[in-house]
Each structure stands twice: as C-alpha cells, then as structure tokens.
Amino acid sequence: MQKITIAIDGYSSTGKSTLAKQLAKALGYIYVDTGAMYRAVTLFAMQNGYIGDADEHMEDLVKALPKIDLKFVPNDSLGFSEMYLNGENVEKEIRQMQVSKHVSRISEVKEVRHKLVEMQKAMGKDKGIVMDGRDIGTTVFPDAELKVFMTASSQARAARRYKELLDKGEKVSYDEVFDNVQKRDHIDTHRDISPLRKADDAIEFDNSDMGLKEQFERLESIAKRYIANQ
Ligand code: DC
C-alpha cells in the first residue's frame with residue numbers, strides 16, 4: 001500500500017500530539033512532534049542566557065544555531081521517541097511552563113524556523129509520516145495528501161494543559177495557564193513567517209466536546225480512506 005504524508009496543525013493544547021502519535025502507531029508511520037523541536041531550541045536559548053524573563057539576545061542565538069544538535073531517539077518501553085538536545089534527553093524539561101512561556105518568541109525567529117523546517121522536510125522525504133505543528137500543511141509539506149487542522153475553545157485547551165501540568169507535579173495556577181494559551185495563540189497566528197493558519201485544503205477538526213477515543217476513531221477512518229484512494 002502506498003504511503004502518504006499526514007500534516008496535523010492547530011492551536012496549542014488541542015491534543016494534536018496525542019492524536020498524531022496514536023494515528024502514526026496505528027498506521028505504522030513515523031511520528032514527528034515539531035513543537036518539541038522548537039521547545040528544545042528554546043531550552044538551549046534559556047540555558048545559554050539568550051532568552052529570559054528580563055532580556056533577550058536573538059542575534060547570539062542565531063550565531064549559535066549550528067551548535068544545536070536535535071535528535072528524536074526511540075524509547076521502546078514508552079512506545080514513542082524522546083527529544084535529545086546535544087546528546088541529552090530533554091523530554092521532561094521542554095514540557096515545563098518556563099519553556100512554554102518563551103517558545104513562541106523563539107519560534108518567530110526566521111533562522112530558527114529555517115533550520116527546523118529543513119530538518120522536518122528531510123524527515124518526511126520518504127512519506128509514511130504523521131507530523132504535527134503549526135505550519136506543517138502550509139510550509140513544511142504543502143503537498144501532504146491529508147491535512148488536518150485542530151481547534152478547541154481556549155477554555156477547553158487551558159483546562160487540559162492545566163490538568164497535564166498538575167499531573168506532572170508542576171505548581172501552576174489555572175489563570176497562568178489560560179493566559180499562556182491566549183498569548184501563544186496570539187503570537188502563533190500573528191507572526192510574520194509561517195503564521196498558524198488553516199491550509200485551504202485542510203479538514204477542520206473541533207474537539208472541544210470530543211473524547212480521545214472518538215477523535216482517534218474518526219481520524220483513523222479518514223486517514224485510511226485517503227490511503228486507500230492513493
Ligand atoms: O505544539 P507545542 O505546543 O509543543 O509547540 C510549542 C510552540 O512551538 C508553539 O507555541 C509554537 C511553536 N511551533 C511552531 O511555531 N511551529 C511548529 N511547527 C510547531 C511549534
């Protein structure tokens with residue numbers, strides 16, 4: 001059976017990654033979480049003092065980009081790949097609130113986007129891939145056979161992210177998370193390069209009132225139909 005490229009874009013905390021990961025597993029496809037790549041660059045920028053609460057030095061980050069090595073390393077016991085930054089597993093750190101606070105700013109930087117988009121294109125050259133992010137259907141794989149655009153109300157998304165962070169033991173308030181979701185929406189949809197927008201040929205998927213099982217079953221049947229029609 002011919003393999004296709006599946007692009008899943010949408011707002012933060014719409015559950016894109018969970019769904020994309022499940023779908024890739026069911027189809028035997030590679031899964032790539034591009035948000036993890038932007039988060040790892042953000043962590044690198046934080047570790048080196050290029051971004052913080054008080055100031056930023058983007059020109060220094062741009063100069064240091066060749067020193068950033070990103071890899072997805074499969075973890076068989078977890079059943080998915082984890083993000084490594086310069087040889088170190090940073091999967092936990094990149095999900096922390098501090099990284100979420102700075103990641104949209106880092107992902108506005110043209111040179112950062114250029115580096116990551118080139119890597120993403122290379123990962124998908126043989127198809128058989130499910131990639132999720134903000135610009136996958138518009139910039140990374142404009143010719144993807146199946147494009148999905150996920151949305152949900154900001155309240156539903158903040159509630160999900162808040163629960164996730166509490167479950168991980170982070171001390172955050174709901175208001176802080178809600179504020180972060182709204183700020184990221186604004187920056188993601190208003191930046192100059194590759195802003196988040198639905199590709200004309202993407203299927204819109206609003207999951208505010210949909211459970212995980214229902215979302216997965218719907219998406220899997222759509223994907224199988226697209227694959228069969230190749
Ligand atoms: O999917 P996520 O919330 O982990 O993504 C983190 C941030 O990275 C998000 O606020 C915007 C940015 N991002 C992006 O600009 N382009 C992508 N393809 C993926 C993520």
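Just the heavy atoms: all of them, side chains too, but no hydrogens, waters or symmetry mates, feed the values below. Source: prediction; values computed, not measured. Index from 1, following the sequence. Every number for a ligand or one of its atoms is a count from 1 in the order of the listing.
What sits closest to atom 18 (N) of ligand 1 on the protein, heavy atoms only, is D135 OD1, 2.9 Å.
In this structure, K21 forms a cation-pi arrangement with F80, its terminal cationic atom sitting closer than 6.0 Å to the ring centre and no more than 45° off the ring axis.
Side chain to side chain, D206 and S208 meet the donor-acceptor criterion of an N or O pair below 3.5 Å. If you check the side chains of R218 and N207, you find no donor sitting under 3.5 Å from an acceptor.
Using a cutoff of 4.0 Å between basic side-chain nitrogens and carboxylate oxygens, D185 and R157 are scored as salt-bridged. The existence of a salt bridge linking D33 and R95 is confirmed by a sub-4.0 Å separation between a basic side-chain nitrogen and an acidic carboxylate oxygen. Between D201 and K147 there is a salt bridge, since at least one side-chain N of the basic residue sits less than 4.0 Å from a carboxylate O of the acidic one.
Residue R39 places at least one N or O, backbone or side chain, under 3.5 Å from an N or O of ligand 1. The shortest N or O to N or O distance between T34 and ligand 1 is below 3.5 Å.
Those atoms of ligand 1 with a heavy atom of D188 less than 4.0 angstrom away are 9 (C), 10 (O), 11 (C). Near R113, meaning under 4.0 Å from one of its heavy atoms, ligand 1 places the atoms 14 (C), 15 (O), 16 (N). Listed by number with element, the atoms of ligand 1 under 4.0 Å from a non-hydrogen atom of R191 are 14 (C), 15 (O). Under a 4.0 Å criterion applied to the non-hydrogen atoms of S107, ligand 1 contributes the atoms 11 (C), 12 (C), 15 (O). Near S104, meaning under 4.0 Å from any of its heavy atoms, are these atoms of ligand 1: 10 (O).
Taking all heavy atoms of K16, R105, H102, R134 into account, the minimum distance to atom 2 (P) of ligand 1 is reached by R134.
Heavy atoms of R184 found under 4.0 angstrom from ligand 1 belong exclusively to the side chain.
At least one donor-acceptor pair closer than 3.5 Å links the side chain of Q215 to the backbone N or O of M210.
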